[in-house]
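Worksheet: the structure to be examined is printed underneath.
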There are 2 protein chains.
Amino acid sequence: MRKDLIDAYLAPLYSYFNGLIPLSSQEQELIAEKFRPRLYRKRQYIHQEGDVCTQLNFVIRGCLRMYKVDEKGNTHIIQFGSENKWINDLGSFHSKRISELNIDALEDTMVLQVGYDDLISMYVQAPKFDRIFRVLTENSYIAVQKRLLQNISSTAEQRYHYFLETYPELSYRLPQTQIASFLGITPEFLSRLRSQQSKKP
Amino acid sequence: MRKDLIDAYLAPLYSYFNGLIPLSSQEQELIAEKFRPRLYRKRQYIHQEGDVCTQLNFVIRGCLRMYKVDEKGNTHIIQFGSENKWINDLGSFHSKRISELNIDALEDTMVLQVGYDDLISMYVQAPKFDRIFRVLTENSYIAVQKRLLQNISSTAEQRYHYFLETYPELSYRLPQTQIASFLGITPEFLSRLRSQQSKKP
DNA sequence: ATCTAGATCAAGGGTATTTCTTGATGTAGT
DNA sequence: ACTACATCAAGAAATACCCTTGATCTAGAT
């Protein structure tokens with residue numbers, strides 16, 4: 001891939017990091033060295049259950065989903081990852097254990113990826129990344145906890161409204177099937193929620 | 001995957017090899033041990049430029065294409081791989097260098113794959129495979145040379161006719177866009193060739 | 001100069017695939 | 001028995017993909 005193209009893909013990651021903690025130019029270079037852009041096509045797996053998750057993914061454009069398939073074959077979406085979002089199976093990544101989650105692409109999606117060893121060497125070469133990734137993980141943790149809380153304490157309708165407020169953009173961009181799977185309901189039931197919705201606002 | 005299913009996938013490869021040089025049952029077992037079936041869905045990458053090609057692909061059913069994307073973003077198809085065909089970036093596979101070619105699926109496609117180390121160990125355990133893969137490579141070489149010759153010496157119309165004769169089955173199975181890209185012309189021009197065609201047979 | 005082989009751009013139509021909706025019916029918990 | 005949801009089936013609607021055609025352009029051969 002051409003160097004200028006790679007730079008174009010890196011720009012969003014630079015500004016993402018700079019938004020957290022300003023980076024020196026050496027640190028930016030380190031990023032350029034360790035992260036690799038990669039295109040995944042709609043439906044393509046980024047990561048499959050049964051494999052160890054060996055890289056972190058930052059989405060440049062497009063949209064991914066992380067999900068688990070249960071014994072009945074139903075898929076439960078844990079998280080979407082669209083522009084400027086991270087989407088990783090941290091459990092598998094850090095424990096180096098086999099993952100039970102899948103990540104695949106809902107649209108053609110460009111991601112930046114770092115492998116485990118490269119990440120470690122970034123920590124060694126520039127400890128600022130320790131702090132950055134600590135913050136990232138904290139944020140992810142908080143988001144997951146919020147979602148947990150919601151799931152155990154709200155009705156499908158409430159969850160749907162929360163989804164609309166939190167991810168307004170995804171709500172018109174993704175198929176309803178995917179949103180239903182994220183909310184933990186059937187597409188049919190979501191369709192009914194929506195039609196009730198439009199009748200009495 | 002269930003054992004009987006795997007056997008069903010292996011059968012075409014056995015007969016392919018047997019058609020070249022009869023195999024002993026130990027040799028068949030070796031194949032069963034080293035080759036792995038894998039399903040790719042339409043549009044999925046089997047291999048992407050920028051990666052090292054680490055496995056050889058034998059198509060059981062479906063169709064793949066190997067192509068290069070030029071600086072302008074145009075894709076040039078080098079080869080199709082349908083049932084009982086091999087489709088590999090041998091350059092990258094043997095040199096272990098980064099590949100500039102892509103392989104992706106034009107239809108949902110089942111392939112059998114061997115990794116580099118497994119192939120080597122097949123050569124060691126059963127030297128007959130040296131001969132088999134020598135023959136395979138010779139055949140591929142000859143086919144590529146033929147295609148080269150054609151490309152530098154024929155008009156688009158001649159190439160199209162040759163394509164029709166050589167791959168009659170692909171000609172109605174694949175979209176015209178893909179055939180055009182294989183012939184090195186635009187889909188529009190191919191469309192015109194075809195309509196002239198049907199006017200004066 | 002102009003003829004040929006082919007490209008590019010824009011628009012229209014067709015068809016297949018995906019997605020959404022609706023009706024009918026079922027079920028577990030309060 | 002009422003609420004909040006699931007399941008199954010079947011159409012309808014929306015997209016995406018593919019093909020064709022017309023108009024205009026270009027480079028090389030004659």
Side-chain angles (χ1 to χ4, degrees), chain A residues 41-44 62-63 65 67 69-77 80 104-109 150-164 170-200, chain B residues 41-44 62-63 65 67 69-77 80 104-109 150-164 170-200:
Chain A
R41 301 235 262 226
K42 193 174 172 177
R43 293 212 185 80
Q44 196 174 344
C63 190
R65 95 237 241 230
Y67 62 99
V69 179
D70 69 20
E71 331 77 48
K72 287 183 194 159
N74 295 320
T75 91
H76 304 272
I77 296 180
F80 295 118
D104 70 10
L106 295 174
E107 306 171 352
D108 290 356
T109 301
Q150 266 229 156
N151 249 277
I152 59 183
S153 68
S154 320
T155 77
E157 190 174 8
Q158 292 169 324
R159 277 176 274 146
Y160 178 53
H161 285 135
Y162 180 77
F163 178 83
L164 290 182
L170 293 183
S171 74
Y172 57 75
R173 177 170 166 189
L174 298 180
Q176 308 282 118
T177 14
Q178 301 306 325
I179 295 173
S181 166
F182 178 85
L183 296 174
I185 57 180
T186 58
E188 292 95 330
F189 189 63
L190 177 55
S191 172
R192 282 178 241 267
L193 284 182
R194 284 159 54 82
S195 76
Q196 283 176 241
Q197 195 59 24
S198 58
K199 275 166 203 158
K200 38 167 183 175
Chain B
R41 298 236 255 162
K42 193 174 173 175
R43 302 239 310 138
Q44 279 195 204
C63 190
R65 92 236 244 232
Y67 61 99
V69 179
D70 68 21
E71 331 78 48
K72 287 183 194 158
N74 296 320
T75 91
H76 304 273
I77 296 180
F80 295 118
D104 68 12
L106 295 174
E107 307 170 352
D108 292 355
T109 300
Q150 265 229 156
N151 248 278
I152 57 183
S153 68
S154 320
T155 78
E157 191 173 10
Q158 291 170 324
R159 277 177 273 145
Y160 178 54
H161 285 135
Y162 180 77
F163 177 83
L164 290 182
L170 293 182
S171 73
Y172 58 75
R173 178 170 165 189
L174 298 179
Q176 308 284 117
T177 12
Q178 300 306 324
I179 296 173
S181 167
F182 178 86
L183 297 174
I185 58 180
T186 58
E188 292 95 329
F189 190 63
L190 177 55
S191 172
R192 283 179 241 267
L193 285 182
R194 283 159 56 82
S195 75
Q196 282 176 242
Q197 196 59 25
S198 58
K199 277 166 201 155
K200 37 167 181 172

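Each chain gets a letter, A, B and so on, in the order its sequence line appears, and its residues count up from 1. Computed from a predicted model, the values in this text were never measured in an experiment.
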Under 3.5 Å: donor-acceptor pair, side chain of Thr109(A), backbone of Glu107(A): yes

Arg43(A) vs dT18(C): side-chain N/O to OP1/OP2 distance below 4.0 Å: yes

Stems formed with participation of DNA chain C [Watson-Crick or G-U wobble, under 3.5 Å, three or more pairs]: C:1-11 with D:20-30, C:14-30 with D:1-17

Polar side-chain atom of Asp108(A) near backbone of Lys42(A) as donor-acceptor pair, under 3.5 Å: yes

Geometric cation-pi criterion Arg65(A) and Tyr67(A), 6.0 Å radius, 45° cone: yes

Whole angstrom value for the distance that separates C1' of dA16(D) from CG of Asp108(A): 12 Å

Between Arg41(A) and Gln44(B): side-chain donor-acceptor atoms closer than 3.5 Å: no

Thr177(B) side-chain N/O to dC17(D) phosphate OP1/OP2 under 4.0 Å: no

Atom pair CG (Leu106(B)) and OG1 (Thr177(B)), whose distance is rounded to the nearest 0.5 Å: 9.0 Å

Between dT18(C) (C1') and Leu106(A) (CG): distance, integer Å: 13 Å

Touch class at under 4.0 angstrom, heavy-atom based, for Arg159(B) against every strand present: sugar-phosphate

Spacing between Gln158(A) atom CD and dA4(D) atom C1', to the nearest angstrom: 12 Å

Flag, side chain of Ser154(B) to backbone of Asn151(B), donor-acceptor distance under 3.5 Å: no

Contacts under 3.5 Å, N or O only, protein and nucleotides 26-29 of chain C:
none

Main-chain N/O of Val69(B) paired to Thr75(B) side chain as donor or acceptor, under 3.5 Å: no

Approximate separation, where rounding is to 0.5 Å, of Gln178(B) CD and Leu190(B) CG: 11.5 Å

d(CD, Gln196(B); C1', dT21(D)) in whole Å: 13 Å

Out of dT21(D), dC18(D), dT21(C), whichever nucleotide has its closest atom nearest the side chain of Lys42(B): dC18(D)

Residues within residues 178-193 of chain B bordering DNA chain C, heavy-atom distance below 4.0 Å: Gly184(B), Ile185(B), Thr186(B), Glu188(B), Phe189(B), Arg192(B)

Distance, nearest 0.5 Å, that separates CG of Leu183(A) from NE2 of His161(A): 10.5 Å

